[in-house]
Amino acid sequence: MKRLLLASLFFIGLILIWHFIVVAEIWSPVLLPGPASVGSYLWAAATDGSLAEASWVTMKRLMIGYLIGCVIGLPLGMLTARSKTLNDTLGVLALGLQTLPSVCWVPLALLWFGQSESAMLFVVIMGTLWSVLIAVDNGVRNLPPIYTRAARTMGSNGFHTLRHVILPASMPYVISGMKQGWAFAWRSLMAAEIYVTLLTGYGLGHLLHFGRELNAMDQVIGIMLIIVLIGLLADKVLFSPWERFLHRRWGLNG
Amino acid sequence: MNLVTELANPPPAKLHINGVSKTFTTQRGSVHALDKATLTVSEGEFVCLVGPSGCGKSTLLNLIAGLDTFDSGTVQMDGQPVTGPGRERMMMFQEHALFPWLDVMGNVLFSLNLKPGLNKQEHVEVAKYYLQLVGLERFMHANIHELSGGMKQRVALARALAPNPRVLLMDEPFAALDAMTREQLYVDLQKICKAREKTVIFVTHNVREAVCLGNRVVLFSPNPGRIREEFIVNLPRPRDINDPALAGMAGEITKALKGHTAKPAEE
């Protein structure tokens, strides 16, 4: 409760500072609209449904791409960690591609898939896949060998060891890998949406882009706030419960 | 199979290790960890393997556990060659090696779930029995990180005992604990070994610990790892680690151990 109060005070303070800077007219209100005008834009966008629709379009792309990326990345990361051959081949490829900022996939995706949902999905998958793969690979690679040795003495082997020892033991790494993958997916999707106009649905990135084209600074800032809010919510809803579980069971911090 | 037969003591096993050698190849060259080791352990005997680091005592334990392969010689349990890990031979490590993603009960159940013959409810009953035996039934639902070092090793002991093995292999299980905790564990381990008749092979570098626990103390020397000498410990049980007679015998063995490690083994 005290923490909530403190956080609320902090953010109210920020909004007040913002308000006073605008009132002081240091910059033109065209460049820096006040919290009131951003708020009224958000209210209008919320009531006419455009905000909800854009958020839905964006979240749908993000979720589908992210899930596909994870579903491919998790097992591949396990495999590269366990097999020397795969590590020397796929592992090196993943390491290289992970360093490629995912927005760099946009031109290629456009040429391959055209201005379509597939192009968006492709960019999100590329943003997620490699970082998830590498995080899981790292996690599994660094598992204390004593776990599998102990399991072997108890009669566990093969798939049983994978399912009941390696998988749960690497969970802290898998969670942090998925969290990192989420961050990359989110960034790459925003970049792609700002970059590419799609007729199949306007996402938040598009609203941001239109805001710039219309010189509507209240829209630009408003949408940025929404993007931050979604990022925060995702962290709290998707990852916090897992991290709390890890903290309680493992005694880990973070 | 039911609970009564499950909790009954199976006859402890007889081990026969004959001329076993093992060489590890590392990047810096090869290490002759064990050289023609021969050792016979009779049913229900508590044998302690003692020696400085690198003398092959842990290597021998891993070979008996079936966790490693050896170059030559034979390892037999009741006349059957040991080819891999088996529930008949359970191992306890210096690190507790408990699984942090499971609670105390989950850890003990892990080894039981792999054993055919009992249903889930019976597994829980068996696990409870062993947790009670090591004095941790109240901590059934505790997380591993919440336990002290001594408690963790107790859980590890319960986990190793749970499938009712006939041989218990212990690799310096108390080395990382403080002296007070260790002394309590000596008392408890002797009690548990009396209740659950097992053939135990216990590796340690602590001679006093070996004399306190073992029926027999086997001395090793390094480079290459060899068995050098054996001492029968005939002190009455339960033994107290601070007993002067025990300390006297430990002193004698320590002297012998120093003699073996000082002079290089003849090739």
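Just so we're on the same page: letters track the sequence lines, and every chain starts at 1. Treat the numbers as computed from the prediction; the structure is a model and nothing was measured.
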Discussion item. Can you confirm whether or not the ring centre of B:F99 sits under 6.0 Å from the ring centre of A:W250?
Written reply: no

Worksheet item: Considering only heavy atoms, which portion of A:H164 lies under 4.5 Å from any heavy atom of chain B: side chain, backbone, both, or neither?
Response: both

Worksheet entry | Where B:P85 and A:R152 come nearest, the two heavy atoms and their spacing | CB-O, 3.3 Å

Fill in: Heavy-atom pairs under 4.5 Å with chain B, option from A:A151, A:G155, A:A169 with the top count
A:A169

Worksheet item: Are more than 12 heavy atoms from other residues, nucleotides or ligands located less than 6.0 Å from atom CZ of A:F239?
Response: yes

Item to complete: Tell me, yes or no, whether the heavy-atom count around A:M224 atom CE, taken from other residues, nucleotides or ligands under 6.0 Å, exceeds 12.
Response: no

Item to complete: Could you check B:L114 against A:H160 for side-chain contact (heavy atoms from CB on, under 4.5 Å), going step by step and ending with a plain yes or no?
Response: CA-CA 9 Å; B:L114 281 157; A:H160 185 275; 3.5 Å; yes

Practice prompt. Could you please spell out the steps behind the side-chain contact (heavy atoms from CB on, under 4.5 Å) verdict for A:L246 and B:W101?
Written response: CA-CA 8 Å; A:L246 288 181; B:W101 56 93; over 6 Å; no

Practice prompt. Could you give me the CA-CA distance, side-chain angles and deciding distance for A:T153 and B:F93, then say whether side-chain contact (heavy atoms from CB on, under 4.5 Å) is met?
Written response: CA-CA 11 Å; A:T153 63; B:F93 304 89; 4.3 Å; yes

Discussion item. Show the nearest heavy-atom pair for residues B:F110 and A:V165, with the distance to one decimal.
Written reply: CZ-CG2, 3.6 Å

Worksheet item: What part of B:L112 is in contact with chain A, defined as an atom under 4.5 angstrom from a non-hydrogen atom: side chain, backbone, both or neither?
Response: neither

Item to complete: May I have the step-by-step check of side-chain contact (heavy atoms from CB on, under 4.5 Å) for B:D68 and A:R149, ending in yes or no?
Response: CA-CA 10 Å; B:D68 277 327; A:R149 278 174 86 81; 4.1 Å; yes

Worksheet entry | Under 4.5 Å from a heavy atom of chain A, the part of B:L169 involved | neither

Practice prompt. Could you grab the distance from atom CZ of B:R87 to atom CE of A:M154, nearest 0.5 Å is fine?
Written response: 11.0 Å

Worksheet item: Does atom CD of A:E117 have more than 12 heavy-atom neighbours, drawn from other residues, nucleotides or ligands, at distances under 6.0 Å?
Response: yes

Item to complete: Sort B:L67 into side chain, backbone, both or neither according to what part of it lies under 4.5 angstrom from a heavy atom of chain A.
Response: both

Worksheet entry | Within-4.5 Å side-chain heavy-atom neighbours: A:R249 and B:D103 | yes

